[in-house]
Amino acid sequence: MAAPEWATREPCLMGIDEAGRGPVLGPMVYGCMYCARSYHDTLATLKFADSKTLKEEQREELFESLKDNSSIGWEVDVICPKELSAKMLKRSKVNLNEISHNSAMGLVKRALDMGVLLAEVYIDTVGDPEKYRIKLTEKFPGIKFVVAKKADSLFPVVSGASIVAKVTRDRALRKWAFDETAQNMHMNTGSGYPGDPATKQWLEDHKHPIFGFPTLVRFSWGTCKPFFNNAVEVTWESDEVEEDAGGNGSCKRQVKLSSLGFSGFKRKSEEIESSGKGRCKFFQARKLELNRRFQ
Amino acid sequence: MEREAATAGVTGAVDLSPAAVDLRRVHHLPCGIRQNGAAAVSDYFKPKDTGVEVDGMRVEEAFFRGRKLQGATIALPDGYRGYILEKKNAEKDKQHLEGEVSNFKSRAEFQNITYWNHDTTPSAEDPLPRCFHLLTVANAMHKPVTAEELANMSSMQNQSNRH
């Protein structure tokens, strides 16, 4: 995609904001909006208030008008819940702040790659504003970054970005197609916040003892924890290593997967992987062990 | 000697009479699931082809309990079949006091096994594909030695002795 012609000639301002950072389900969306510096005064008259203070229909309307406005450019980055869960539950975990920072930086990079002459970027903070500003400046020297709390209510260009993000997330949820083919799934998800009775009911309706939830849910969220307490226990090697590294003094039993390789034999006491002592190296390396001698 | 006895495994009998279910492929997950029994796998576990190929294996992607898994499918070699065994109630066999005796019955069969790694791309160096080396080794070890092979061996030995 190429940038609009004006964006490659005139220094531009960009606002970046996010929608759906907190909810336990659905995508997190980062949106940006940009315009020429000379257009900024006009932009301020367009009533792009903070998206949270607007009704859904107003946001939809504003988004449509913003799309039709040839003096404005915009982009989104939709991070699906699968990706959020997977990153936060990786062997080396990526936290939500880092995911957010990377998404915002991805939008800046995308605009630069398209040829947008970015002069200033306004962005709602995630974590400490000053640290975030330094991180952004180091990554993109030559751009002036303004990182602030509640940037969406301070800068019209961020309010616009907030509408882009929020409308994109709402639409993604409205037309959500489940990967799962289980029966009786629905989309009355509520806000996705744990205090919302609709969200609680949705989680209750969609929990599964083995699979947990459909992949619409962010499995790494604390909101899910009580549900997993009642589900079938699942143990991962990466978690156990972490417990070990935590070094809380007590020698935590290291439950390893005995079922790797061809042997799925559950030991009487614990599911502990055999040390391989006494076994030939060939078998050790392949995690092979003799379980039972069949007659 | 005692250790040998301990590592030699326990004795069991297995009933491989035709199973009712042909699963075609089974999934081997990198986690312990503390549950035995049926699960709605095809409704919730949805592998997708990534288009990537490593060591001749097509890499698939799937999610379980929020974790991203990458998997590869291995077809069992010709002449081998996979079985899902169910342990029958262990009756203590008085004649085999040395170890636990248990009996198994085949509940399902499969020809392909998809093994899944958490976070790492499958490769031929993973333990599971390497397990199949055993079949080659076992074949070589158990293949009867022909008279011709014996003759060749002894003539080779004679040659090396002369030098």
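Just so it is clear, the model here is predicted, and its values are computed rather than measured. Each chain gets a letter, A, B and so on, in the order its sequence line appears, and its residues count up from 1.
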**Student:** Are there residues of residues 215-222 of chain A that reach to under 4.5 Å of chain B by heavy atoms, and which ones?
**Tutor:** A:Thr215, A:Phe219
**Student:** Counting neighbours of CZ on B:Arg24 that are heavy atoms of other residues, nucleotides or ligands and sit closer than 6.0 Å, is the number greater than 12?
**Tutor:** no
**Student:** For A:Asp77, enumerate each residue passing the side chain to side chain donor-acceptor pair (under 3.5 Å) test, keeping only those at least two apart in sequence or located in another chain.
**Tutor:** A:Ser103
**Student:** Side chain, backbone, both or neither: which part of B:Tyr44 has a heavy atom under 4.5 Å from chain A?
**Tutor:** both
**Student:** Of the non-hydrogen atoms in A:Trp236 and B:Pro30, which two are nearest, and what is the gap between them?
**Tutor:** CE3-O, 3.7 Å
**Student:** Could you pull out the closest heavy-atom pair between B:Ala38 and A:Ile210, with the gap in Å?
**Tutor:** O-CD1, 4.2 Å
**Student:** Using a 4.5 Å heavy-atom cutoff, which residues in residues 191-209 of chain A come close to chain B?
**Tutor:** A:His208, A:Pro209
**Student:** Find the distance between OG (A:Ser85) and CZ (B:Phe64) and round it off to the nearest 0.5 Å.
**Tutor:** 13.5 Å
**Student:** If you look at every heavy atom in B:Arg67 and A:Leu89, which pair is closest and at what distance?
**Tutor:** NH1-O, 3.6 Å
**Student:** Distance check, rounded to the nearest 0.5 Å: A:Lys82 atom NZ versus B:Lys68 atom NZ?
**Tutor:** 10.0 Å
**Student:** Sub-4.5 Å heavy-atom contacts with chain B: which residues of residues 178-188 of chain A show up?
**Tutor:** A:Asp179, A:Glu180, A:Thr181, A:Ala182
**Student:** In terms of heavy-atom pairs under 4.5 Å with chain A, which of B:Thr120, B:Val41, B:Asp126 leads?
**Tutor:** B:Val41
**Student:** Taking the ring centre of each residue, are B:Phe45 and A:Phe211 less than 6.0 Å apart?
**Tutor:** no
**Student:** Give a yes or no answer on whether the side chain of B:Asp119 reaches the backbone of A:Lys90 with a donor-acceptor pair at less than 3.5 Å.
**Tutor:** no
**Student:** Which heavy-atom pair separates B:Arg65 from A:Gly212 by the least distance, and what is that distance?
**Tutor:** NE-N, 3.8 Å
